[in-house]
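Quick notes on the structure that follows.
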There are 2 protein chains.
Amino acid sequence: MTEEPPRPDGRQRLIQSALALFADRGFDGVSVRDIVTAADVSVGLISHHFGSKDGLREAVDAYFIAQFEEVVTASPGQDGGGAQIAASQWVDDWITRHEGEAGALFGYFRRALLDESEWGAAIFDRFYNIAQTLVTRLDARGQIRPDVDRLWLPFLMIYLELGTTLLEPHVRRILGRSGFDKELWRRRHRAYGQLLRSGYGRQRAARTADET
Amino acid sequence: MTEEPPRPDGRQRLIQSALALFADRGFDGVSVRDIVTAADVSVGLISHHFGSKDGLREAVDAYFIAQFEEVVTASPGQDGGGAQIAASQWVDDWITRHEGEAGALFGYFRRALLDESEWGAAIFDRFYNIAQTLVTRLDARGQIRPDVDRLWLPFLMIYLELGTTLLEPHVRRILGRSGFDKELWRRRHRAYGQLLRSGYGRQRAARTADET
DNA sequence: GTTCAGGCTGAACAATAGTTCAGCCACGGC
DNA sequence: GCCGTGGCTGAACTATTGTTCAGCCTGAAC
């Protein structure tokens, strides 16, 4: 632990500094001089390695996706489906492994979904497919009540799953600590799974007659 | 209907054009020349009316908040609480009233929550307070099961409520039409309320024993 | 007709952005 | 020693950005 590996080379430092800055202030909100200052290299190195600022972004994307693939692909019981929900422990470990960088990675993820990058769309579609498959499977087993809306259920699952990531700054402000805090993360996933299956109400069909 | 009101003055056109562009590409992603071109005025008019691009942003914020206050404040049964959920019909009407501009307003709202503007935080806090109050009230009436997580429930409610707004481009891509489409909006709110109260499962305490 | 005020113009300006390129330095093979 | 090779530098360049300001135009007041 005390034996730190040698300082990564300029190329790697550029990618990691850029990732952190993009996550924090967005691509347009960061100048190349901000990046090279953070990475402690010269301006020229960006075009030398990546051709342009946009080239750097692509490299950062690739780097991010590499870390991200770990989470989605290598998930235990990779045939998709229920594993998605049960994987919270696994994500927990991933966060521990990426300590220090995890915040930036989640921040970058948030921006990707909101800035409509091409692969941000691809990632959302992936989530949608996973949720959709899960719903189909549960339905086939008769585990979903007939009156549940099949169109919106996958989306609502995704909202619950991604909510903390998308709104992290606000959640942190109110809770006083990061929503990616290990304990909070685990507890949230338990609450989320429970709400999905059973709701909060006492009576199942508690039709409170406030609309329609 | 055919009797269109006279073209709004430059100041107003600037605010509305800027709102639409900011919503679409973000504050930093839009140049003052983009804005004046869209508003069909000259560059000088921005500093003439607003002093600077930042001054314009403030004016846009004020304009947006004015439209937004309508939704939150004037909500029927304004003592907060259950009205929040029951208000879907009301929001429905609001969308109709702001036809054409509604997309930009929601887009601007999305950015506000993500760019961490001061008042984006204020708006989130407002949502949190509404959800929190609702939970407390339901709890006092004994309408929430004891095993439900009181800390996360308000957040999960917010995620469900804001999810479509935050992820609108992706939802639209998959569904083939806007999530703010009247019919979809209504249907989604029904699904959301039902899921909250009862979940999707058949047995209430369906402890599927996949974790802890 | 003169004056004044207010909405508006757009060429010109200074600052900042991303990009270029001639060349430095350290290291390994000859 | 010499010669590459590859990572890296940073002053200089160009395009674009936000901002300025002298002045135009219109309509109401005198």
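Lettering of chains follows the sequences in order, A, B, ..., and the numbering in each one begins at 1.
Shown here are the side-chain hydrogen bond (donor to acceptor under 3.5 Å, both in side chains) partners of B:Asp9, two or more places apart in sequence or in another chain: there are none.
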statement: B/S/- along nucleotides 16-27 of chain C (protein heavy atoms under 4.0 Å) is -SBBB-------

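Taking atom CZ of residue A:Phe50 and atom P of nucleotide D:dG7, one finds them 11 Å apart after rounding to whole Å. Between B:Gln12 atom CD and C:dG7 atom P the separation is 14 Å, expressed in whole Å. Between the CD1 atom of A:Ile15 and the P atom of D:dG7 there is a distance of 13 Å, rounded to whole Å. Taking atom CG of residue A:Asp9 and atom C1' of nucleotide D:dT9, one finds them 16 Å apart after rounding to whole Å. Following rounding to the nearest Å, B:Ile35 (CD1) and D:dT17 (C1') show an atom-to-atom distance of 12 Å. Atom-to-atom, CG of B:Leu14 to C1' of D:dG18 comes out at 14 Å; the value is rounded to the nearest Å.
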task: Report the C-alpha separation of A:Thr96 and A:Lys182 in whole Å, then their side-chain angles, then the decisive distance to 0.1 Å, and conclude whether the side-chain hydrogen bond (donor to acceptor under 3.5 Å, both in side chains) test is met.
output: CA-CA 8 Å; A:Thr96 309; A:Lys182 281 194 121 182; 3.1 Å; yes

query: Taking it one step at a time, do B:Tyr192 and A:Tyr159 satisfy ring-ring contact (aromatic ring centres under 6.0 Å, His included)?
result: CA-CA 11 Å; B:Tyr192 148 57; A:Tyr159 298 166; 9.4 Å; no

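Between A:His49 and D:dC8 there is a side-chain N or O to OP1 or OP2 distance below 4.0 Å. The phosphate of C:dG10 (OP1 or OP2) has no side-chain N or O of B:Ser42 nearer than 4.0 angstrom.
Between the side chain of A:Asp115 and the backbone N or O of A:Ser117, no donor-acceptor pair lies under 3.5 Å.
For the pair A:Ile158 and A:Phe124, the minimum side-chain heavy-atom distance is below 4.5 Å.
Listed by first and then second residue, the ring-ring contact (aromatic ring centres under 6.0 Å, His included) pairs that reach into residues 10-56 of chain B are B:Phe22-B:Phe27, sequence neighbours excluded.
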